[in-house]
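A quick write-up on the structure given underneath.
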Amino acid sequence: LTANPPSTETVEVNANGWDIWDTFAIDPVPKHDQIQQACAKESAASVAVAIKKPGCLFTLNEPYPAPELAPPDGAATKNDSTRRGNRSGKVRSGVSTVFGGSTGSTRLPDQTTGLYSGQTTGLGMDETKKIQTLPTVGEHDTTAPVGAAHSTGRPSTSSQQLSPTETALPTEVNMSAESKAEETIEEILAEAAEPEPVDVMPWKVGIDTPIPEEIHGSLRAMERIVAQNVFHRQHMIYRNYPTLEELAKLDEQRVAEEEEEASGVGDVGASSDALNASRSVGVALEGDGSNDSGAGEVEETSREDNSTKPSLEDLFCFNAPQLTQGLTVTCAEWNRHNQDLLAVSYGDTTPVPMTQGGLVLFWSLKNPTYPERVLRTRHGITALHFSTSNANMVAAGTSEGSVMIWDLRRPTDVPVLRSGSSVSANNDKKHTDIVWETRWVAQGHDKQPPELLVSVSSDGNVLQWSMKKGLEQTLLMSLKRLQNPHLGANSVYGHKEGVIFRKSSGLCVDFPRHDPSTYLVGTEDGLVHRCSTSYNEQYLDTYYGHSAAVYKVRCNPFMSYAFLTCSADWTVQLWTTKPVPGHQADAPLLTFKSADLFDAVNDVSWSPHISTTFAAAMDDGRVELWDLAEKPLDPIVVHYPQADKPQQRRTCVRFSPNSPVLVAGDYGGSVDVMRMYNTNQSYYSDQEQQDRLNAVMVKKR
């Protein structure tokens, strides 16, 4: 294709050699200006290189108005904002405006020739050049006479006035041109008056603009410093240290006691006389029928009772809605080595998931507002557990049946091992349904490997995973369905239920502390099976007591044959694998239920410090704290975290291993941290712990 040549225009002018010399002559630039221009050029090059880096803090689009000098007389004029707008070159085509630097008035171009009348000395050389190159009204005015100065297509640079004969135009044409110019100027002034939206934070950290590595460490340290200053009081309470207010009160009490000790015997006698006088006044007031003192005594008594009553207090909340986006807290586990590090798993647990993907967030006390590390997965995480021998290894189960293991020393979201991802002959299988729980089982330092990974799923299989060649599984138990006499119509009519599936869905698993060869499995049928790792054909024992699905089974950390179960039948039950005189072997020893509870119990956890204390998380949003040595029939504390907000279903609860603190996750993705007050925090030996729990189990009621 060939294009037509561009249109050209030839203009003849009469010029001599000196005119041409004057046209192209360049004034000499002083040395200091040359240096300033060189510095500006180097600065522009440095800025251009810096802004190309991700996360740069520089912005070329200045969101704030440029500073300007105040007028000499100290009074601002109306056209100040307009002057700033037009100096930046925002002028419509078809009109030109010149603003006087001394008076601030607007000069319109001559309607005939397009020449600018009036003085332009108030503008600098750059502004004058810009104004000379702007189009004028005369360029678009087809009624202008032929031969006018604007016929060359550009305005003249002369500032002299033309003769009256050259500027003479009909009155109607002048009026129309003036009206057009005024309307255009009004539009320009209106646009300049409108404030442009200013971004409060023009630079934001995100996926597209990550934090540069050069300042990542400094920002992390600064963030922790600010967080510790904000949460200083909560951190002191978490560590069971006295706060600044409590220290001030202790100092005041100490000073008062020293002053009393320094006082003489005479002061003691005077104080006793004053005390007797006050008592006589009190007796007289009581005789007069005044009830104020009685009310005050009642209030003081109630305050004393409340001060010694066990309670839970909300400290802070681990919550990052920008990350969780409505996902449910499914599990929470403390790290064995760093006991201030809490790993929390998130996933969509609804029957029809609306949100794909899952998260594992690692929270620390150093920054309760944002996690230390984030692991993202394609499917929701339903189970989580830290390794007992390797603190950097964490295992998780997903909603699509996979088992994954991460090595936290690697800065990546990709797990080091994943079920079904290897070419091993025994590794082409995985769970076909949701993995509800994963547990690391310590076998002892004298055995190889020192620990194994066990998982349970709704597909009815309990699998053991080995890491010798990839992630290889071994079937521990295929959960066979048994009849539950307490479930459904069986408890009323006594007939057998119809069997639809031969396998029973497993929901939870746990191993006794001192016996890794046996384990307990809770099922959807409401039964608890005791199994052996040696063979997978038959249960050792089966425990009947629940009339709904068993959500959690937890062995006591001090007594290996005692365990707790929680169920959707609103109850928590205490069991033992060792026969107790006077109790049926396959029946629960004790059943715990609050009088006002009518919802499922989703999780239960033993205290790592007291053998008779446990906590439970309920469907109605409450967290209950029980101490069987004090009140075996009722909880000592019933607490609703964040009572001022709508209650969310509680999904998990855990005790802190190094502080009198309880954490509870909910359906909305928050993890509440609560401080326990006036609970038993005494130290007991292992034998004393076992004796306390054994006394509760064998007591006749």
Exercise. For Tyr539, check ring pair (Phe, Tyr, Trp, His ring centres under 6.0 Å) against everything at least two apart and list the hits.
Key: His529
Quiz item: Do NZ/NE/NH1/NH2 and the carboxylate oxygens of Arg554 and Glu437 come within less than 4.0 Å?
Solution: yes
Self-check item: Passing option when Thr330 is tested against Leu384, Thr349, Leu359 for side chain to side chain contact (heavy atoms under 4.5 Å, CB included)
Solution: Thr349
Exercise. Go through Ser594 and Trp626 one step at a time and tell me if the side chain to side chain contact (heavy atoms under 4.5 Å, CB included) criterion holds.
Key: CA-CA 11 Å; Ser594 298; Trp626 293 72; 4.2 Å; yes
Quiz item: Do His546 and Thr565 have side-chain atoms, one donor and one acceptor, less than 3.5 Å apart?
Solution: yes
Quiz prompt | Residues that Ser457 engages under side-chain hydrogen bond (donor to acceptor under 3.5 Å, both in side chains), provided they are two or more places apart | solution = Asp459
Quiz prompt | Partner of Phe614 by ring-ring contact (aromatic ring centres under 6.0 Å, His included), out of Phe592, Phe655, Phe563 | solution = Phe592
Exercise. Taking the side chain as every heavy atom from C-beta outward, state whether Thr398 and Thr382 have any pair of such atoms under 4.5 Å apart.
Key: no
Quiz item: Can you name the ring pair (Phe, Tyr, Trp, His ring centres under 6.0 Å) partners of Trp334, sequence neighbours left out?
Solution: none
Exercise. Just jot down the ring pair (Phe, Tyr, Trp, His ring centres under 6.0 Å) partners of Trp363, sequence neighbours excluded, or say none.
Key: Phe318
Quiz item: What residues form a ring pair (Phe, Tyr, Trp, His ring centres under 6.0 Å) with Phe598, not counting sequence neighbours?
Solution: Trp570
Self-check item: Check: Arg439 side chain, Val454 main-chain N or O, donor-acceptor pair, under 3.5 Å
Solution: no
Exercise. Tell me, with the steps shown, if Asp586 and Gln584 meet side-chain hydrogen bond (donor to acceptor under 3.5 Å, both in side chains).
Key: CA-CA 6 Å; Asp586 58 351; Gln584 189 176 351; 2.9 Å; yes
Quiz item: With no hydrogens and no angle check, do the side chains of Asp525 and Thr523 hold a donor and an acceptor under 3.5 Å apart?
Solution: no
Quiz item: Rounded to the nearest 0.5 Å, how far does CE of Met674 lie from CD of Glu313?
Solution: 11.5 Å
Exercise. Tell me, with the steps shown, if Thr533 and Gln464 meet side-chain hydrogen bond (donor to acceptor under 3.5 Å, both in side chains).
Key: CA-CA 9 Å; Thr533 58; Gln464 175 180 303; 6.0 Å; no
Self-check item: Cation-pi, Phe231 ring and Arg233 (6.0 angstrom, 45 degrees)
Solution: no
Quiz item: At what distance, to the nearest 0.5 angstrom, does CD1 of Ile610 lie from OG1 of Thr679?
Solution: 8.0 Å
Quiz prompt | Under the side-chain contact (heavy atoms from CB on, under 4.5 Å) test, residues paired with Ser611 that sit two or more places apart | solution = Asn556, Phe558, Gln689, Arg692, Leu693
Quiz prompt | Reported CG-to-CG distance for the pair Asn536 and Leu475, which is rounded to 0.5 angstrom | solution = 5.0 Å
Practice problem: Please collect all side chain to side chain donor-acceptor pair (under 3.5 Å) contacts where either partner lies in residues 657-671, sequence neighbours excluded, each pair once. | Solution: Asn319-Ser670, Asp340-Asn658, Ser656-Asn658
Exercise. Please check if any side-chain donor atom of Gln687 sits under 3.5 Å from a side-chain acceptor atom of Asp691, or the reverse.
Key: yes
Self-check item: Test side-chain hydrogen bond (donor to acceptor under 3.5 Å, both in side chains) applied to Asn392 - qualifying residues, sequence neighbours left out
Solution: Asp407
Practice problem: Just do the side chain to side chain contact (heavy atoms under 4.5 Å, CB included) check on His583 and Leu589 with the steps written out, would you? | Solution: CA-CA 7 Å; His583 291 278; Leu589 295 177; 3.5 Å; yes
Quiz item: So does Arg622 pair up with Glu624, basic N to acidic O under 4.0 Å?
Solution: yes
Exercise. Using side-chain contact (heavy atoms from CB on, under 4.5 Å) as the criterion, list what pairs up with Trp436, not counting sequence neighbours.
Key: Ile434, Ser458, Leu507
Quiz item: Once you round to the nearest 0.5 Å, how far does CE of Met393 lie from CG of Leu453?
Solution: 9.5 Å
Exercise. Test Asp627 against Thr612 for side-chain hydrogen bond (donor to acceptor under 3.5 Å, both in side chains), laying out the working first.
Key: CA-CA 6 Å; Asp627 191 347; Thr612 58; 3.0 Å; yes
Quiz prompt | Test item: Thr328 and Tyr346 side chains (from C-beta on) under 4.5 Å apart, heavy atoms | solution = no
Quiz item: What residues, two or more places apart in sequence or in another chain, satisfy side-chain hydrogen bond (donor to acceptor under 3.5 Å, both in side chains) together with Gln648?
Solution: none
Quiz prompt | OG1-OH distance between Thr243 and Tyr241, expressed to the nearest 0.5 angstrom | solution = 14.0 Å
Quiz item: Partners of Gln443 by side-chain hydrogen bond (donor to acceptor under 3.5 Å, both in side chains), sequence neighbours excluded?
Solution: none
Self-check item: Step-by-step side-chain hydrogen bond (donor to acceptor under 3.5 Å, both in side chains) determination, Glu372 to Ser364
Solution: CA-CA 7 Å; Glu372 293 291 315; Ser364 174; 4.5 Å; no
Quiz item: Under 3.5 Å, is there a donor-acceptor pair between the Ser455 and His431 side chains?
Solution: yes
Quiz item: Lys552 and Asn602: side-chain donor and acceptor closer than 3.5 Å?
Solution: no
Quiz item: Would you call Arg650 and Asp672 a salt bridge, using N to O less than 4.0 angstrom?
Solution: yes
Quiz item: Cut-off 3.5 Å, side chains only: do Gln642 and Asp644 have a donor facing an acceptor?
Solution: no
Self-check item: Short N-O contact, Asp603 and Arg654, less than 4.0 angstrom
Solution: yes
Quiz item: With sequence neighbours left out, what residues match Ser534 under side-chain contact (heavy atoms from CB on, under 4.5 Å)?
Solution: Ser532
Quiz item: Do Val462 and Val521 touch side chain to side chain, with heavy atoms closer than 4.5 Å?
Solution: yes
Quiz item: Distance only, no hydrogens: is a donor on one side chain within 3.5 Å (strictly under) of an acceptor on the other, for His639 and Asp314?
Solution: yes
Exercise. Look up atom NE2 in His379 and atom CG in Asp348, then write down how far apart they are to the nearest 0.5 Å.
Key: 13.0 Å
